[in-house]
Amino acid sequence: MTIAPKYDPSIVEEKWYSFWLEKKYFHSEPDNRKAYTIVIPPPNVTGVLHMGHMLNNTIQDVLIRRARMLGFNACWVPGTDHASISTEAKVVAMLKERGIDKRDLSRDEYLKYAWEWKEKYGGIILTQLRKLGASCDWDRTAFTMDDIRYESVIRVFVDLYNKGLIYRGVRMVNWDPKALTAVSDEEVIYKESHGKLYYLRYYLDSEISDNSENSGIKKNEKGQYIVVATTRPETILGDTAVCVHPEDPRYTSLKGHSVVIPGVGRAVKIIMDEYVDREFGTGALKITPAHDINDYNLGLKYNLETIDIFNDNGTLNEHGLQYAGMDRFACRKQIVKDLEEAGLIEKIEDYTNNVGHSERTDAVIEPKLSAQWFMRMSDVAKKALEVVEDDTIQFHPAKFKNTYRHWLENIKDWCISRQLWWGHRIPAYYYEVDGKSEVVVAATRDEAYRLACEKHPGAVKNADDLHQDEDVLDTWFSSWLWPISLFDGIRNPDNEEIKYYYPTDTLITAPDIIFFWVARMIMAGEEYRHEVPFHHVYFTGIVRDKLGRKMSKSLGNSPDPIMLIDKYGADGVRMGMLLTAPAGNDIPFDESICEQGRNFSNKIWNALRLIKGWEVSEGTDQSNKSNKSDKSTQSDKSDKSDKSPQSDTLYNNNVSVQWMEMRMAQVLEEIEKDFNEFRLSEALMKSYKLVWDDFCSWYLEMIKPAYGTPIDRETYEATIGIFDRLMRILHPFMPFVTEEIWHALAERPEGASIMLQHMPHSVFYDQRMLDDFEMAREIIAGVRNLRNSKGLSPKEVLDLYIKGNCPAMFNGIICKLGNVGKIESVTDKVEGALSFMVGTTECFVPVSLNIDKEAELKKLNEELKYAEGFLATVMKKLSNEKFVNGAPEKVVAVERQKKADAESKIAALKAQIEALG
RNA sequence: GAUCUGUUAGCUCAGUUGGUUUAGAGCGCUUGCUUGACAGGCAAGAGGUCAACAGUUCAAAUCUGUUACAGAUCACCA
């Protein structure tokens, strides 16, 4: 049988993924096992797979595969969200390509195109996830706008409206002039931008006498004026007042006067309010109630006129005078030019401030007054905070609790309406009564009609006369129901599935949507299930490039994940991503870590090749295989005789198997702990080392038969069994290569899969034996080091004399791996031999070549210096009376042992130095 | 500006209620290997005054305070 020397993931991955799909091994139905549920953070339909998805979904797959192997009924539900704003942009672009203008379409016609687009491109990410090995229950694939989810959203809206938690009102909202919709506070990203601060001259409409020295009133040939600083000179068109601080001596004389808006000619009142910061600019503030939230509030307080100067798309409307029709930024340029020419600008300074941008379109947000729907947050926020504070929901890492708390304690009402067509249309219906608009909210038009008739009998003739709200709901208003609506828990709160799968177990997501999504899911869970939606939230980091920059399309610094998979295999990429990704830490991504993953697959592959290449001998003589190995300890070196186990292969193999079993149990214990604490990268690293270091580098070398000789069946079987379990441990991380190896290790029944096997559990292990092996390992390393540093050939057989404690159990293994001819215990040091120490044990290796005395002395003196330094730190403690009396007995005893060991080591080193010198 | 979190080897990170032979891992680096599984490999090795200072303690990478730097979240004054 020949196996290719290099592992080729491409064929293997294709093969096993189809196998899993065909057997429906990812599918889950409620049964009598405990459920372990994960709902995917729905990627939006406009996206393609990026590195963030790779990380996020790899983690989900690891957790779900592990849960499945631990005996849970694991269910990972995939899906996508409709992303109203982003999709709108895509669909409009598609229409444009076909020569269609959105404005020429009716709502229904437009939606037909939108669905067409969604059907065609909306599933790309989910398809790509299959290449990653994601074990999602694809039969459950959901979409935020499919029937169940759509209806759930509408019902929730109606319910919250009836509970008084949803209201409609005219407020200052964040307007996205590109998407032509309002967005929520969370969808505004403030970016530092370099602008100008313009100092404008507002002339007084009438002369006043103010002779005070520090008056803010200036004068030139055209008259008296005050200076107002602004970053947005175009908004003067909407000014309806100028405000100064009532206690600002510069402006006290202005009380009751008016000033003229430069270039506009309209006179506006001077108002006095403490809101103004006297230190900033000139201490005089122009008030534009229609375009600034603070100005708006002042407008309400002083009953100012509100002049909206913008159209929805950011151009100026009829209030923009000669600038009407211009874009707001073009207008700014022009108005500055005009004012300058008119001598109305005092000065212009460079200025840096933060400007809000739309998260989706990057357009500069325009504060705008408009009628929108809002959800009251204060009560739901309180509950959502509680369950995180008391750890009913645990965040990993926990530091995100702070961020979460801060947001919830300062929460504002959520603007949930969007002026778009693609989405869940708000179920509010309007009609007129005596010229006044009335509204009813109901899940269906018929129901709305019934309500309207009840409220105002005779006002509406038939259902078709009701006018439904044109707006749709924020996409997050559907995502926040995801853990519930996926199992139809809104429409059918008592159905089997919701009761079985909810609450879900772990949510894996990026920290940047902690408010958008995590917090709101918790609110929805409390509101509709009176139960949290998940018990753990695992926050991943952000994938960055080597230079620490975020990966983005515009920078072009993001590798194509599918290309990476083609190059390194899905297992390799999965491992690469996870190795450097402790929870919440950013990942400086470098392709080379995927290479490490690929190399690991290859290493496992080659271990298989080795084992499969062995000839197995039947019916071996078992004479030397008594159970003495179990009792083998340091003390039994005396019963070593001519029949020593040093050359007894069966004995050595038996010891090796025992050691490997215990080592595996020990590491499993640590891995289990890591998983409980969501330390996935640690768990992976430990698994990696268990396979590569302990299994490949040590265990396989220990039992490897000499060339051309067979291995005994018992050891062979044990090795297959160990390999089998190692693959199971690794399977959640590297599903493909482990499935392939697992099948190659033994004949499996038709349809068998590693993904359905039980995860090995830690069992009892003998720490003493593991410690003894550590010592043997150090002795082997010592011998190898001697060869290396002295230029001795690995082929030259050396003898080893040991003075001091040394467990004999591993002597045969030391001989094999160190190429040692014999090991003898001595009571005196051996003359003319090279030496090294392991702990307090001295090892001597006689060699034929001349010993470089000087080099030896140098090495010994360095060791001596270290040992003496060490002893000094120990003595410092022991000579401190307070330590000896104050520290626990155990700690003092350890220090005493350290002292004794150090002293014996120093003595041995000194003796060796003396012998040389 | 406010709050929070960090700072440990060249890089990325562990280090759990202070004490376990004067700090661990992976990668990288250095040296030597055509070793009958694997150069996508093997063996060995070097590398850190735990950001700085002060304090608490018998004992500090670990607890407290100050400073410096970095990051995150929120807010934002024209």
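Note that this is a predicted model, so its numbers are computed, not measured. As a basis for the values below, the full set of heavy atoms in this structure was taken, side chains included, without hydrogen atoms, waters or symmetry mates.
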Quiz prompt | CD (A/E279) with more than 12 external heavy atoms under 6.0 Å | solution = no

Quiz item: Which whole number of Å gives the distance between the C1' atom of B/U5 and that of B/U21?
Solution: 34 Å

Quiz item: CD/A/Q666 to CD/A/E670 distance, rounded to the nearest 0.5 angstrom?
Solution: 5.5 Å

Quiz item: What integer number of Å spans the C1' atoms of B/G47 and B/C27?
Solution: 14 Å

Practice problem: Choose from B/C74, B/U21, B/U20 the nucleotide whose nearest atom is closest to any side-chain atom of A/H406. | Solution: B/C74

Practice problem: Summarise protein proximity over nucleotides 5-17 of chain B in one line of letters, 5' to 3': B for base, S for sugar-phosphate only, - for none, counting protein heavy atoms closer than 4.0 Å. | Solution: S------SSSSB-

Practice problem: Can you tell me, in whole Å, how much space there is between the P of B/G15 and that of B/G24? | Solution: 15 Å

Quiz item: Taking any strand in view, what nucleotide pairs with B/U17 in a Watson-Crick or G-U wobble way, both distances under 3.5 Å?
Solution: none

Quiz item: When all nucleic acid strands are considered with a 4.0 Å heavy-atom cut-off, which category describes A/G613: base, sugar-phosphate, or nothing?
Solution: nothing

Self-check item: Given RNA chain B, 5'-ward residue of the pair A/P511 and A/Y7, judged by closest heavy atom
Solution: A/Y7

Quiz prompt | Counter-base of B/C74, judged by Watson-Crick or G-U geometry with both distances under 3.5 Å | solution = B/G1

Self-check item: G-U wobble or Watson-Crick pairing nucleotide for B/A46 (cut-off 3.5 Å, both distances)
Solution: none

Quiz item: Which base, if any, makes a Watson-Crick or G-U wobble pair with B/A59, both distances under 3.5 Å?
Solution: none

Exercise. Report the base-pairing partner of B/C69 (Watson-Crick or G-U wobble, both distances below 3.5 angstrom), or none.
Key: B/G6

Practice problem: Give A/F589 one of three labels, base, sugar-phosphate or nothing, depending on what nucleic acid heavy atoms sit under 4.0 Å from its own. | Solution: nothing

Practice problem: Please determine if a side-chain N or O atom of A/Y404 lies less than 4.0 Å away from the OP1 or OP2 oxygen of B/A72. | Solution: no

Self-check item: Out of B/A43, B/U20, B/C77, whichever nucleotide has its closest atom nearest the side chain of A/R784
Solution: B/A43

Quiz item: Distance-only, no hydrogens or angles: does the A/D674 side chain make a donor-acceptor pair with backbone N or O of A/R679 under 3.5 Å?
Solution: no

Quiz item: How many angstroms lie between atom OG1 of A/T352 and atom CG of A/D350, to the nearest 0.5 angstrom?
Solution: 7.5 Å

Exercise. Would you mind telling me which of B/G26, B/C58, B/C74 lies closest to the side-chain atoms of A/F883?
Key: B/C58

Quiz item: So, do A/F400 and A/Y404 have ring centers that fall under 6.0 Å from each other?
Solution: no

Quiz item: If you look at every strand shown and take non-hydrogen atoms under 4.0 Å, does A/F515 touch a base, only sugar-phosphate, or nothing?
Solution: sugar-phosphate

Quiz item: Which residue lies toward the 5' end of RNA chain B, A/R598 or A/N880, if each is placed at its nearest nucleotide?
Solution: A/R598

Practice problem: Just name whichever nucleotide pairs with B/G26, Watson-Crick or G-U, keeping both distances under 3.5 Å, else none. | Solution: B/C11

Quiz item: Do A/N294 and A/Y275 have a side chain donor and acceptor closer than 3.5 Å?
Solution: yes

Quiz item: Do A/R549 and A/D545 pass the salt bridge (Lys or Arg N to Asp or Glu O under 4.0 Å) test, and can you show the C-alpha distance, the side-chain angles, and the key distance before you say yes or no?
Solution: CA-CA 5 Å; A/R549 299 174 303 182; A/D545 70 5; 2.8 Å; yes

Quiz item: Just checking, any donor-acceptor pair under 3.5 angstrom between side chains of A/Y699 and A/T719?
Solution: yes

Exercise. Kindly say whether A/G818 contributes a backbone atom to a donor-acceptor pair with the side chain of A/R787 at under 3.5 angstrom?
Key: yes

Quiz prompt | Nucleotide of B/U20, B/U22, B/A25 approaching A/F870 most closely (side-chain heavy atoms) | solution = B/U22

Quiz prompt | Phosphate OP1/OP2 of B/A78: any A/N294 side-chain N/O under 4.0 Å | solution = no

Practice problem: Look at all strands and tell whether A/N885 reaches a base, only sugar-phosphate, or nothing, counting heavy atoms closer than 4.0 Å. | Solution: nothing

Quiz item: A/Y688 and ring-ring contact (aromatic ring centres under 6.0 Å, His included): which partner among A/F733, A/F695, A/F600?
Solution: A/F600

Quiz item: Looking across every strand, which nucleic acid part, if any, lies under 4.0 Å from A/E881 by heavy atom: base, sugar-phosphate, or nothing?
Solution: nothing

Practice problem: Look through every strand shown and name the nucleotide pairing with B/U35 as Watson-Crick or G-U wobble, where both distances are under 3.5 Å. | Solution: none

Quiz item: Between B/A25 atom C1' and A/L684 atom CG, what is the distance in whole Å?
Solution: 13 Å

Exercise. Tell me which nucleotide among B/G19, B/A25, B/A75 gets nearest to the side chain of A/P888.
Key: B/G19

Quiz item: Does A/K603 reach the main-chain N or O of A/R598 with its side chain, forming a donor-acceptor pair under 3.5 Å?
Solution: no

Self-check item: Check: A/S879 side chain, A/M875 main-chain N or O, donor-acceptor pair, under 3.5 Å
Solution: yes

Quiz item: For atom P, what is the distance between B/C69 and B/A52, given to the nearest Å?
Solution: 16 Å

Exercise. Remember a base hit wins even if backbone is also touched, and classify A/N354 as base, sugar-phosphate or nothing at under 4.0 Å, heavy atoms.
Key: base

Quiz item: If the C1' atom of B/C63 is compared with that of B/C58, how far apart are they to the nearest Å?
Solution: 16 Å

Quiz prompt | A/Y866 side chain near B/U22 phosphate (N/O to OP1/OP2, under 4.0 Å) | solution = yes

Quiz item: With a non-hydrogen cut-off below 4.0 angstrom, is A/T873 in contact with a base, only sugar-phosphate, or nothing?
Solution: base

Practice problem: Do nucleotides 30-38 of chain B as a string where each nucleotide becomes B, S or -: B if the base has a protein heavy atom under 4.0 Å, S if just the sugar-phosphate does, - if no protein is that close. | Solution: ------BBB

